[in-house]
Amino acid sequence: KTSTYPAEEDEFILSRIDTDKIKQLDKDYDLTDEQIYDSLNLGDLDYFDHHVAMQTIKVSRSDDDQIVSYIVKNFPLMMLVLIPIFALVLKLLYVRRNELYIKHLVHALHLHTYAYLVYGIFILITFYLFTHEDTSSILNIIAFTIVSVYAYISFLRVYKQHWFKTFIKFNIVGGIYCLSIFMFFLLEMIVSLLLF
């Protein structure tokens with residue numbers, strides 16, 4: 001719980017917002033977002049802090065499904081941005097081969113297209129045929145295994161290195177990629193909430 005009294009200017013805005021007060025007022029639809037904002041007594045804020053405060057009120061007053069749907073809607077754009085980053089990681093790992101970045105980008109596009117196809121098919125199968133949670137988990141593991149095996153074989157064929165060296169590089173790329181997905185997902189959530 002935070003204080004409603006104006007704090008020092010260098011304090012981050014989210015730590016100054018009284019979320020309990022917003023929760024008390026957010027279902028009172030006679031009040032506008034601006035009136036709830038005024039009741040928080042945040043003092044004079046710069047444009048960004050004012051925007052963050054208003055978005056906090058707006059998100060609090062919105063339906064959870066609406067917020068989740070907005071965040072998920074932006075997810076494909078985030079994945080599109082990750083493809084060139086994936087290609088850059090490949091370029092760095094295979095830097096001694098002196099291959100053009102475009103080759104790695106084409107390989108990255110190919111792998112992502114295949115992954116989207118497989119995951120899309122398995123999502124449809126899960127949604128329409130299997131609703132039991134245990135079956136869904138098994139199908140997710142199968143889909144992940146199919147995509148991983150295909151990606152590993154593509155690494156072997158495209159870069160033509162020994163299977164063990166390829167396996168090490170494949171795991172390095174996978175680790176960096178998973179970390180990138182996590183970081184970009186957090187960033188995408190923050191941006192989505194700021195633009196909601």
Side-chain angles (χ1 to χ4, degrees), residues 12-15 17 19 46-95 97 99-127 133 136-137 139-156 158-159 166-196:
F12 187 56
I13 184 62
L14 288 177
S15 65
I17 296 173
T19 52
D46 61 28
Y47 174 79
F48 180 76
D49 287 349
H50 179 267
H51 183 73
V52 169
M54 290 301 292
Q55 287 301 104
T56 304
I57 294 164
K58 188 175 178 183
V59 167
S60 178
R61 299 186 92 181
S62 299
D63 182 46
D64 289 345
D65 291 339
Q66 225 179 351
I67 297 164
V68 170
S69 142
Y70 186 78
I71 291 171
V72 170
K73 185 181 78 174
N74 295 326
F75 195 71
L77 183 61
M78 181 202 83
M79 293 306 293
L80 187 65
V81 170
L82 278 172
I83 294 172
I85 292 171
F86 184 83
L88 181 63
V89 172
L90 291 175
K91 173 72 176 164
L92 293 173
L93 270 179
Y94 291 97
V95 71
R97 298 176 72 89
E99 289 172 345
L100 296 174
Y101 173 76
I102 192 72
K103 179 178 179 178
H104 302 291
L105 186 60
V106 169
H107 186 214
L109 280 166
H110 175 79
L111 287 177
H112 280 78
T113 303
Y114 180 79
Y116 296 154
L117 176 67
V118 171
Y119 288 133
I121 290 168
F122 273 82
I123 286 169
L124 289 174
I125 291 170
T126 303
F127 186 74
E133 198 171 300
S136 297
S137 299
L139 287 174
N140 289 338
I141 291 168
I142 292 169
F144 179 76
T145 304
I146 290 170
V147 170
S148 297
V149 169
Y150 182 85
Y152 175 67
I153 291 169
S154 80
F155 271 57
L156 285 170
V158 170
Y159 300 112
T166 300
F167 183 74
I168 297 295
K169 289 187 176 183
F170 176 75
N171 282 294
I172 291 170
V173 170
I176 293 170
Y177 189 62
C178 287
L179 184 63
S180 299
I181 288 175
F182 177 73
M183 287 167 52
F184 270 75
F185 182 68
L186 284 179
L187 182 63
E188 188 262 333
M189 269 182 54
I190 291 166
V191 171
S192 294
L193 291 174
L194 286 172
L195 298 176
F196 179 72

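Nothing here was measured: the structure is a model prediction, and the numbers come from that model.
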Original post:
Say you draw a straight line from CD1 of I142 to CD1 of I125; how long is it, rounded to the nearest 0.5 Å?
Top reply: 9.5 Å
Original post:
Which pairs with one or both residues in residues 172-196 pass side-chain hydrogen bond (donor to acceptor under 3.5 Å, both in side chains), sequence neighbours excluded?
Top reply: N74-S192, H112-Y177, E188-S192
Subject >> Atom of Y114, atom of V147 and distance for their closest heavy-atom approach >> reply: CE2-CA, 4.2 Å
Subject >> Shortest non-hydrogen contact from L93 toward K169 >> reply: O-NZ, 3.3 Å
Subject >> CZ (F167) with more than 12 external heavy atoms under 6.0 Å >> reply: no
Residues 75-83, side-chain donor-acceptor partners within the protein, below 3.5 Å, at least two apart:
none

Original post:
Which salt bridge (Lys or Arg N to Asp or Glu O under 4.0 Å) pairs, counting each pair once, include a residue from residues 71-80, with sequence neighbours left out?
Top reply: none
Original post:
So F122 and N140, side chain to side chain contact (heavy atoms under 4.5 Å, CB included) or not? Walk me through it.
Top reply: CA-CA 7 Å; F122 273 82; N140 289 338; 5.8 Å; no
Original post:
Just by modelled atom types, is the K103 backbone N or O under 3.5 Å from a matching donor or acceptor in the K91 side chain?
Top reply: no
Original post:
Would you call the rings of Y94 and Y159 parallel, tilted or perpendicular if under 30° counts as parallel and over 60° as perpendicular?
Top reply: parallel
Subject >> Residue list, salt bridge (charged side-chain N to carboxylate O under 4.0 Å, His left out) with K58, at least two apart or on another chain >> reply: none
Subject >> Sequence neighbours excluded, every pair satisfying side-chain hydrogen bond (donor to acceptor under 3.5 Å, both in side chains) that has a member inside residues 145-155 >> reply: H107-S154, H110-Y150
**OP:** Drop me the distance from L187's CG to F182's CZ, to the nearest 0.5 angstrom.
**Re:** 12.0 Å
Original post:
Distance from I181 atom CD1 to I176 atom CD1, nearest 0.5 Å?
Top reply: 12.5 Å
**OP:** Count the heavy atoms belonging to other residues, nucleotides or ligands that lie under 6.0 Å from CZ of F144, then report whether that count exceeds 12.
**Re:** no
Original post:
L117: what forms a side chain to side chain contact (heavy atoms under 4.5 Å, CB included) with it, not counting sequence neighbours?
Top reply: I121
